[in-house]
Student: 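Sharing a structure below in structure tokens format, with a few things to ask.
Proteins come first, then strands; the chains are lettered A, B, ... in the order of their sequence lines, and each starts at number 1. Computed from a prediction, not measured in an experiment: that's the story for all the values here.
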Amino acid sequence: MDEPVTRDERDDLDRREFLQKCGVAAALAWVVNIARTEAEQRADYRAADHLYGMAIDPGKCIGCGRCMEACKAENDVPASSGTCRTWVERYVLTTDGQTIVQSLDESRATPPPVDEKKILRTFFVPKLCNQCANPPCVQVCPVGATFITPDGVVLVDKDYCIGCRYCIQACPYGARYLDPRTYTADKCTFCYHRITKGLVPACVEVCPAGARIFGELRGRNSPLARYLRFSKLQVLKPHLNTEPKVYYANLDGEVR
Amino acid sequence: MTGYIYPNEIELQWGLLIVLYPYITGLVAGAFILASLERVFNVREVQPTYRLALLTALAFLLVAPLPLLAHLGHPERSFEIFLTPNVRSAMAMFGFVYAWYLMVVLLLEIWFDYRHDLVQWSGREKGFMRLVHRVMTLGATDVSPRALKFDSSAGRIITIVGIPSAFLLHGYVGFIFGSVKANPWWSSVLIPVVFLFSAMVSGIAAVLLIYVVSSAIRRKPVDEACLGKLGSFLFYALTVDFSLEMLDFVHRLYTAEESIKILSALVTSRLFISLVLLQVLVGTVIPLVTLALASPAFERRPIVKLPAAVRRRIFVAAALLVEVGIFSTRWNVVIGGQLFSKSLRGLTVYKLQLYGLEGLWVAIGLLLLPLAILLVLIWLLPPWTGAASAAPEESTSASVATPC
């Protein structure tokens with residue numbers, strides 16, 4: 001009785017050992033594969049082959065604010081309300097011609113004291129860095145610490161920024177802030193670490209309403225290109241000739 | 001906070017230190033332009049303030065970069081502006097404009113002007129001062145008439161180069177603000193010009209004050225003709241400055257662009273004290289009226305004839321009010337330009353700190369520092385000993401030398 005049991009046990013142990021080894025090998029292969037594909041992707045990624053943009057459909061935004069939360073988490077943005085890479089504005093237009101604008105947090109805390117019957121319409125507008133093709137922030141940086149990448153994203157080199165804040169003054173959209181931890185300028189990067197791996201920015205990923213469409217501006221078969229083809233578009237503050245690459249569909253004239 | 005401001009606008013990026021920067025460079029440019037009046041335009045009455053004006057300009061110029069450095073998030077990286085400047089950036093040029101003005105204009109002009117005295121002093125003196133003055137001659141001890149004539153013409157050429165340089169220095173500071181198209185309060189082609197004339201106003205007033213105060217400390221009589229001329233120039237500069245500002249104001253009101261509502265709200269609420277009361281009324285209208293009456297600005301004689309002591313006090317009071325006014329002007333540009341949201345829908349507030357690098361005490365220190373430096377400069381390079389001992393000779397040689 002003993003022997004078969006021993007044999008069985010031995011067999012069983014062998015099988016278990018075998019399976020364990022298989023598991024470890026698979027896990028190792030998986031890790032190696034990920035590392036390899038990332039390295040490969042990095043090596044294969046040619047910034048000049050891409051040009052990124054974003055379209056925003058304010059009509060679809062439900063003001064849930066998940067984009068703001070995702071952005072803060074994904075990019076390690078300080079939690080304070082004065083350091084935002086993206087935010088959502090709430091517009092209330094009244095029948096007597098008033099326009100009341102609030103940030104999402106504000107409108108949740110203290111909704112505007114407007115008689116409901118007097119409300120003409122309300123809507124949300126997500127905002128972020130417009131990734132201008134003609135960016136005033138890049139122009140004014142005295143040391144060239146902020147720059148535009150070949151794939152069209154405006155970035156800040158925090159190891160080079162001297163913290164003069166001229167770029168924050170020059171941005172017409174209020175998209176920049178001074179990181180209180182590093183004393184350098186910071187802003188939305190279109191989640192550059194994600195998009196260069198073929199992913200979409202965190203805010204786009206989590207938007208439950210599909211109000212943000214991200215992708216390649218060149219070519220006809222990207223979701224963004226298709227959206228741009230079939231929508232009436234506007235950019236913010238076009239008179240300043242900053243040539244934003246963030247486009248708004250059917251934007252209300254009140255939005256600045 | 002009223003209305004809506006973008007979330008990132010909750011904190012003002014440029015505070016009191018950045019107010020000091022245009023204020024101090026304005027004093028530098030203004031004092032230098034005053035000095036050049038004597039040198040290039042042969043206004044002999046202001047000769048007693050010539051060297052004082054140069055030393056004042058130098059003292060303030062040495063302090064000018066300090067508020068900027070103190071404000072930087074990474075002052076230790078500031079040298080990158082020199083090493084890898086972004087040539088498309090207006091701010092990147094600061095280092096070069098500053099270095100040009102300090103090295104090529106101000107230090108050279110002072111050196112050429114003092115060289116003769118330095119040689120004489122180092123011959124007469126003993127000990128430390130002898131060594132210091134000898135080092136300052138940089139070994140150029142030739143005081144032959146030919147060498148002195150060269151000094152004089154070199155000084156004149158440097159002044160001629162210096163006037164556009166002084167214009168460049170402060171016009172450039174104006175351009176840093178005027179070129180920010182995102183900000184309707186700043187974005188104006190007039191700003192560099194307004195900055196220039198307000199610089200002259202503040203520089204002339206500062207030299208007038210320093211001249212009167214230093215004369216009182218030394219128990220020497222004030223040269224009344226000089227004071228009258230300073231008062232007149234202050235009046236002229238103030239008139240042009242005020243006219244330009246009014247032009248800007250009327251233009252904004254008349255064209256009534258998109259930003260007019262929020263800017264009106266800004267001026268009538270947040271900036272009412274600093275702009276309407278301090279800048280316009282106290283700093284411009286009152287000095288303008290008093291100077292028009294008390295200075296010989298229109299004729300050789302003033303409209304209201306006053307005893308010298310009274311007139312002197314009026315000039316000092318007017319100059320003090322002018323300094324308050326110009327400081328308010330800088331405040332209204334720098335702080336005012338950040339008190340409204342670029343959404344043009346709301347106003348924010350500036351909370352001035354007392355302590356810390358960007359606080360009130362540091363700012364006061366930075367304003368007093370140039371005066372301390374000026375004391376040292378006056379001790380090292382007395383601007384009046386030459387004028388006192390060899391005044392007639394000096395002035396005639398200067399006036400003879402300048403036309404050629």
Side-chain angles (χ1 to χ4, degrees), chain A residues 68 80-87 89-91 99-106 127 136-147 158-180 182-187 237 239-242 254-256, chain B residues 1 3-15 18 21 68-69 71-96 176-177 179-187 257-259 262 334 337-338 341-346 348 357:
Chain A
M68 295 160 65
S80 86
S81 58
T83 49
C84 289
R85 291 188 178 195
T86 184
W87 66 95
E89 293 170 355
R90 180 178 192 246
Y91 284 71
T99 303
I100 301 156
V101 187
Q102 288 179 312
S103 72
L104 206 56
D105 296 341
E106 233 183 328
K127 293 266 188 92
C137 54
V138 171
Q139 183 187 25
V140 301
C141 176
V143 295
T146 188
F147 57 97
K158 69 174 174 14
D159 296 326
Y160 208 64
C161 170
I162 62 172
C164 72
R165 298 164 233 187
Y166 201 15
C167 57
I168 305 177
Q169 305 288 7
C171 174
Y173 307 106
R176 285 174 167 254
Y177 58 88
L178 192 84
D179 190 320
T182 59
Y183 297 107
T184 53
D186 209 350
K187 63 181 277 297
K237 303 190 181 183
H239 61 283
L240 293 177
N241 192 32
T242 54
E254 286 295 331
V255 179
R256 279 197 282 255
Chain B
M1 203 189 89
Y4 174 70
I5 65 169
Y6 294 136
N8 294 337
E9 290 177 324
I10 195 90
E11 207 169 308
L12 259 70
Q13 299 299 333
W14 288 352
I18 305 298
Y21 163 58
L68 293 183
L69 265 183
H71 167 265
L72 285 185
H74 285 275
E76 79 282 2
R77 295 179 192 163
S78 59
F79 66 95
E80 298 288 5
I81 288 190
F82 291 99
L83 297 186
T84 57
N86 169 19
V87 289
R88 290 174 68 217
S89 162
M91 195 182 273
M93 295 302 113
F94 169 76
F96 300 101
I176 285 185
F177 293 96
S179 60
V180 178
K181 65 181 171 185
N183 189 319
W185 184 243
W186 290 344
S187 177
E257 289 179 13
E258 191 186 17
S259 58
I262 194 72
V334 177
Q338 302 171 79
S341 167
K342 286 176 192 150
S343 68
L344 309 181
R345 291 192 184 279
T348 181
L357 213 51

Student: Heavy-atom distances under 4.5 Å only: say whether B:L83 touches chain A with side chain, backbone, both or neither.
Tutor: neither
Student: Atom CD of A:Q139 and atom NZ of B:K181: how far apart are they, to the nearest 0.5 Å?
Tutor: 7.0 Å
Student: Between B:R88 and A:V138 (side chain of the first, backbone of the second, donor and acceptor by atom type, cut-off under 3.5 Å), is there such a pair?
Tutor: no
Student: B:S179, B:G3, B:P7, B:A182: which one forms the most heavy-atom pairs within less than 4.5 Å of chain A?
Tutor: B:P7
Student: Heavy atoms only, distances under 4.5 angstrom: which of B:L72, B:I10, B:L68, B:I18 has the most pairs with chain A? Name it, please.
Tutor: B:L72
Student: If you count heavy-atom pairs within less than 4.5 Å of chain B, which of A:R165, A:H239, A:K237, A:R176 leads?
Tutor: A:R165
Student: Verify whether one side chain among A:E89 and B:Y4 offers a donor that lies under 3.5 Å from an acceptor in the other.
Tutor: yes
Student: Return the option, out of A:Y177, A:W87, A:Y166, with the maximum number of heavy-atom pairs under 4.5 Å with chain B.
Tutor: A:Y166
Student: For A:D159, does its backbone N or O pair with a side-chain atom of B:H74 as donor and acceptor, under 3.5 Å?
Tutor: no
Student: Need one label for A:S80: side chain, backbone, both or neither, based on atoms under 4.5 Å from any heavy atom in chain B.
Tutor: neither
Student: Can you tell me which portion of A:Y160 sits under 4.5 Å from chain B's heavy atoms? Options are side chain, backbone, both or neither.
Tutor: both
Student: I need the A:R256 CZ to B:E258 CD distance, nearest 0.5 Å.
Tutor: 5.0 Å
Student: Given that the side chain runs from C-beta out, which part of B:E76 has a heavy atom under 4.5 Å from chain A: side chain, backbone, both or neither?
Tutor: neither
Student: Rounded to the nearest 0.5 Å, what separation is found between the NZ atom of B:K342 and the CG atom of A:L240?
Tutor: 10.5 Å
Student: Check for a donor-acceptor pair, side chain of B:N86 on one end and backbone N or O of A:V140 on the other, with a separation under 3.5 Å.
Tutor: no
Student: Side chain, backbone, both or neither: which part of A:S81 has a non-hydrogen atom closer than 4.5 Å to chain B?
Tutor: backbone
Student: What side-chain hydrogen bond (donor to acceptor under 3.5 Å, both in side chains) pairs are there with at least one residue in residues 6-15 of chain B, not counting sequence neighbours?
Tutor: B:E9-B:S341
Student: Can you measure from CG (B:L69) to SG (A:C164) and round to the nearest 0.5 angstrom?
Tutor: 12.0 Å
Student: To the nearest 0.5 Å, what is the distance between CE (B:M91) and CD (A:Q169)?
Tutor: 8.5 Å
Student: Identify which part of A:A175 has an atom lying under 4.5 Å from any heavy atom of chain B, answering side chain, backbone, both or neither.
Tutor: backbone
Student: Taking side chain to side chain donor-acceptor pair (under 3.5 Å) as the test, write out the residues that go with B:S89, two or more places apart.
Tutor: none
Student: For B:I176, which atoms come within 4.5 Å of any heavy atom of chain A: side chain, backbone, both, or neither?
Tutor: both
Student: For B:S187, is it the side chain, the backbone, both, or neither that has a heavy atom closer than 4.5 Å to a heavy atom of chain A?
Tutor: neither
Student: Checking A:K187 against chain B: side chain, backbone, both or neither under 4.5 Å from a heavy atom?
Tutor: neither
Student: Please report the interatomic distance OH(A:Y91) to CZ(B:R345), rounded to the nearest 0.5 Å.
Tutor: 5.5 Å
Student: Stepwise, does the side-chain contact (heavy atoms from CB on, under 4.5 Å) test hold for A:V143 with B:R77?
Tutor: CA-CA 10 Å; A:V143 295; B:R77 295 179 192 163; over 6 Å; no
Student: Mark yes when over 12 heavy atoms from residues, nucleotides or ligands other than A:Y183 sit less than 6.0 Å from its OH; otherwise mark no.
Tutor: no
